[in-house]
Structure formats: structure tokens, C-alpha cells
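Below, each value reflects all heavy atoms present in this structure, side chains not excepted, and no hydrogens, waters or symmetry copies.
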Amino acid sequence: MIKKIVISRFNNIAAILQHNKIQEIIVINDAYQVNDIYLGIVQKIFSSINAAFINLGNHTKSGFIHISDIKPLKKSRNVNRITEILSVNQLVIVQVIKEPTINKGPRLTANINLLGRYLVLMPFCNTICISQKIYDKNEREYLHALAILLKPATMGLLVRSSAQGINEETLLEDFRSLKEQWSFIQKAAMSSSSPSLLYKDEDLIKKVVRDYYEDDIGKIIIDSEDGLRQVRYHLDQWKCITPITKIKLQLYKKSECILDQFNIKQAILNALQPKVNLSLGGYIFIETNEALTVIDVNSGSFNKSDNSKEAILRTNCYAASEIAYQLKIRNINGVIIVDFIDMQSQRDQLQLLEHFNKVLKLDNAKPQIVQLSELGLVELTRRRRGQSLSELFNDQNHQYFKRNILLNKTLDYNIFERHSIVNKNINSLFFDKVFTRSISINKIYIDSEKYRILIDKESVVNILGLRFNCIVPLILYSKIIE
């Protein structure tokens, strides 16, 4: 089956699908994100732990930075105390390397990295690094020599694995773009004297093409004509399309929401549930609390084998495969403890661990199995960068993914008292409703089952996305309302 990328520009959500199964979900949110760059002010310094809190502006949580992440600010190698580097009310440029949790703010670094399609520019690090995923020795030497020629005297370069086989002009263009981006950030920092956001990765389409497009992607489907042009622009800009490339770009035109068509919405709803049924019987429970996740495996109705010992091993192996998938799609981070069904045979335990380790290798976050404890618990860790799916969709900004959030809701039209008539040209906001007359609206009713607006008995409008946002399009497009 073709590996494909599905992008819903209207909902700001994208997904990677393989064999028609969702492998990864990408979301852009308004809060702190990895790679965001801020001009911050040192708020508090804790010399006992060699760390400080940085005020980043209007956000509720301050960022945390450790002395190990402020090497670029050190005046000499012998400086080992944070009080010798930072002082209260000092301005400092920092970048988010770990997104906040429920109770903790974002983790910050002063070692800025500007991410490109093929290169990473490191303004405060005078080194050259080649991705370990490039295995060919000749290619590594070639890219290293090219990086020496490109690298500015006081900056560093990291060559990404996607640079393999790319010509010099394309790499040079990517490098120029990163230098211009850093120049803009510097100017913005010098013109500001208070905490502010200097750079944010808020373009979903650019992020998806830059970070998730690979040679094995056969199709990109998007629900916006402008978005399709943007995808084609980025693919051409980064020379991703060649005569031998078999990628197909497709505009989604159906009236049904693209998230429903490809079961992305349902996958998100399922991933927010603690219980996961296994395909051949049995089930697992996933409970997350801050940085600790506990997963319990139960045999349930699994009875495919007369041999109970074999049945337990098979159930555990099926569960291990499903757990590896759930860790990836839910983006579960931190410490994970898995309670498999008890197995007395040490041979079966080793076989399970071998299988579990094999399926975990497919995850780019590189989960690491730490040990099998004396109580039969498998302990592993998964690197945290972005927020988990539950952190993203359980907050108030994404309540539209709750199953009953739109049930029997009524919205007063008071906010639009000055706009009592909806012009027929508003049909451009919706997939399949064409207005042939002006419609007077007193109230808007929400049908949660089909996600549509019921204006009156004769008029039904299917809204674009899943958000509880039937008002928002009218605000955004108020220019076409008479």
C-alpha cells in the first residue's frame, strides 16, 4: 500500500498513513512548541541546582533552563556556576527543546538550532556534524567537505540525512534561507527590550514537507487549493520532485470532512481512550500521569490455543506490537511501565522482550527498554519532545474532539447583531452548500452527530471541520457579510 500524508489545512492537523493505518498525527498549537525561539528575561536563579527560570512573555508558564544548556553564554570553560553566567533581569535568546507538561513549563536551551530541509544552522556552535543515518562513507566525506565550505566562521552546521544525494545548489539555497532567518531573528531581538516571541514554526504545510516528507511517500492529499499550491511550492523549492519521483498530489474535494474520510478523527478519539482492544482478543489499559505512564495487559477472551502457556505468550506478543503503535500515535513520553501477563518461563520472557524491542525500533523517538523487573514489569523510556496527544486534545482549545461536546448546543446570535443577513457568496466557506438566496439567522443549532449547522428547517450547512467554531468562519470572513 502507498504511504501517504493527509493534511487538513482547515483543522490544522496532518497525519501519516501507511497501509491505510494512521502512524503519526501532526498538530500545530498556539502554545509553546519545540523549536520556538524567544527573547526572554531571567526571572529567578536557583544556584543550588544550577538552573534558572526565564520569563517568555504573556504565557502562563516560565521556561526552565539548566547550566548544561547555556554553554554558548559561558565566558570561559572554567565557569561552573550559573550565577557567573546569568543574572536576574538579563535578556537572553532561548529556544524550546521540550514542550510543557500540565505542571511544568517548557525546557529551554541557549544553543539555538535553525531547522532546514537538509541543514541545521547552529549560530552559537562552531562545529560540523553529519547525521548518523548517512551510512555511506564517501557520501559522508563529500557532505563534510561541502559543510566546511559553507559554514560561517563563528557558526556550526548539522547535515541532515535528507541531504544524501542532493546537489550543491539545493543545499546552498537551504543554507542561504537559514542565514536570512537568523538575520531576521537577530534584528527582531535587538529591536525589543521585553520578552517576546522571535520565531515560531506555525506553518503546518511547511513543517510537514520539511520534517515528514520522505522518498517512500507516494501521495499527499490536502483539502485546500491554496494549500496544494503551497505543498507544490515547497516540494519544488527543496527539489523533492524529480523525474523519477512517483509522488502524487491530490486535492480533496468531497463534502465529507477529510478527517472523517481517512478516519483521522476517530483515531484521535480512540487514542484518547484508556482501553485498547487487541485484534485477537485481550485488551490493554493505558493510564498517564505527568511523566509516568502505566500500561496493563489483560488476556480477556483470548483462547485461540489449548496451551495456556502458549496463549499467554501470544497475547503478550500481540500486546507488545499494539503498545509500540500506541506509544507512537499517542506520542507518550517519559517513563513507561508495562505489566504484561505473568510468564513463569524465562525463555518466554526473553522471547517477549526480543519481540518488543524489535517493534519499538520502528519508532523515531527511539524508546529504550531499561529492564524486566523482579515483579515482571517491563520498564522503558521514550524521549520527550512534543506534547502527547492527550495533552494536545484534552485541553480547552480542542474540546471539539469530545464525543458529546456539541450535543444539543445552541448559540445566541447576539455577537452578530450588526450582521443579520448572510450573503449568498458565503458558500465559499463550506463544502457542499450553495446558497441561492439571502438567509436571515436568529439562532444557530449544532447537530453533533453529523457536525453540521441547522439554520432553519430548510437550510443545512455542513461545517468545514470538527471544531466548535461555527461562529469563527463568519468572523474571519466578515468582509463578505453584508
Enquirer: Any donor and acceptor pair, going by atom type alone, linking the side chain of S191 with main-chain N or O of A188 inside 3.5 Å?
Expert: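 Side chain of S191 to backbone of A188, a donor-acceptor pair under 3.5 Å: yes, one is there.
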
Enquirer: Is the distance from the ring center of F184 to that of Y199 below 6.0 Å?
Expert: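 No, they do not, as the ring centres are separated by 6.0 Å or more.
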
Enquirer: Verify, without hydrogens or angle tests, whether D260 (side chain) and K265 (backbone) share a donor-acceptor contact under 3.5 angstrom.
Expert: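 Pair absent, no side-chain N/O of D260 close to backbone of K265.
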
Enquirer: Under the 3.5 angstrom rule, does the side chain of K61 hit a backbone N or O of T101 as a donor-acceptor pair?
Expert: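 Judged by distance alone, yes, a pair lies under 3.5 Å.
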
Enquirer: Please check if any side-chain donor atom of Q266 sits under 3.5 Å from a side-chain acceptor atom of N270, or the reverse.
Expert: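 Yes.
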
Enquirer: Closer than 3.5 angstrom, by distance alone: can the side chain of E139 be matched with the main-chain N or O of G165 as a donor-acceptor pair?
Expert: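 Present.
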
Enquirer: Hey, are R384 and E391 close enough for a salt bridge, meaning a charged N less than 4.0 Å from a carboxylate O?
Expert: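 Here R384 pairs with E391 in a salt bridge, since their nearest N and O are under 4.0 Å apart.
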
Enquirer: With distance as the sole test, does S87 use its side chain to make a donor-acceptor pair with the main-chain N or O of Q90 at under 3.5 Å?
Expert: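 No; zero donor-acceptor contacts below 3.5 Å.
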
Enquirer: L121 and side-chain contact (heavy atoms from CB on, under 4.5 Å): which partner among N113, I112, L114?
Expert: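 Exactly one option meets the side-chain contact (heavy atoms from CB on, under 4.5 Å) with L121, and it is L114.
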
Enquirer: Any donor-acceptor pair under 3.5 Å linking the side chain of S162 with the backbone of R117?
Expert: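 The answer is yes, because a donor-acceptor pair under 3.5 Å joins these two groups.
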
Enquirer: I want to know whether F46 and F53 have ring centres closer than 6.0 Å.
Expert: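 Yes - the distance between ring centres of F46 and F53 falls below the 6.0 Å cut-off.
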
Enquirer: Taking 4.0 angstrom as the limit, do D211 and R160 come out as a salt bridge?
Expert: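 Salt bridge between D211 and R160, a charged N being under 4.0 Å from a carboxylate O: yes.
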
Enquirer: Under a 3.5 Å threshold, yes or no: a donor from one side chain and an acceptor from the other, between D203 and Q230?
Expert: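 Side chains of D203 and Q230: pair found under 3.5 Å.
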
Enquirer: For K151 and N126, test the side chains for any donor-to-acceptor distance below 3.5 angstrom and give the result as yes or no.
Expert: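 Distance-only check passes for K151 and N126.
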
Enquirer: Compute whether any side-chain donor of one residue and acceptor of the other, for E168 and Y142, lie under 3.5 angstrom apart.
Expert: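 E168 vs Y142: donor-acceptor pair found between side chains.
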
Enquirer: Is a donor on one side and an acceptor on the other found under 3.5 Å between the side chain of T109 and the backbone of D69?
Expert: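 Answer holds: yes.
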
Enquirer: Cationic tip of K4 within the cone over F262's six-membered ring, i.e. under 6.0 Å and within 45° of the normal?
Expert: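 Judged by the rule, K4 and F262 form no cation-pi pair.
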
Enquirer: Is a donor on one side and an acceptor on the other found under 3.5 Å between the side chain of D223 and the backbone of Y252?
Expert: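 Here the side-chain-to-backbone pair does not exist.
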
Enquirer: From the options R383, R330, R382, select the one residue that forms a salt bridge (charged side-chain N to carboxylate O under 4.0 Å, His left out) with D363.
Expert: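 Checked R383, R330, R382 against D363; only one passes salt bridge (charged side-chain N to carboxylate O under 4.0 Å, His left out): R382.
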
Enquirer: Between D216 and K3, is there a salt bridge with N-O shorter than 4.0 Å?
Expert: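 Salt bridge: yes.
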
Enquirer: Under the 3.5 angstrom rule, does the side chain of K71 hit a backbone N or O of A110 as a donor-acceptor pair?
Expert: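 No: the side chain of K71 does not pair with the backbone of A110.
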
Enquirer: Heavy atoms, side chains only, cut-off 4.5 Å: are Y38 and I54 in contact?
Expert: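 A side-chain contact is absent here, since even the closest heavy-atom pair is not under 4.5 Å.
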
Enquirer: Among Q33, K207, R210, which one satisfies side chain to side chain donor-acceptor pair (under 3.5 Å) with D201?
Expert: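 Per the side chain to side chain donor-acceptor pair (under 3.5 Å) rule, the option paired with D201 is R210, out of Q33, K207, R210.
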
Enquirer: Do Q164 and R140 touch side chain to side chain, with heavy atoms closer than 4.5 Å?
Expert: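 No - every pair of side-chain heavy atoms lies 4.5 Å or more apart.
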
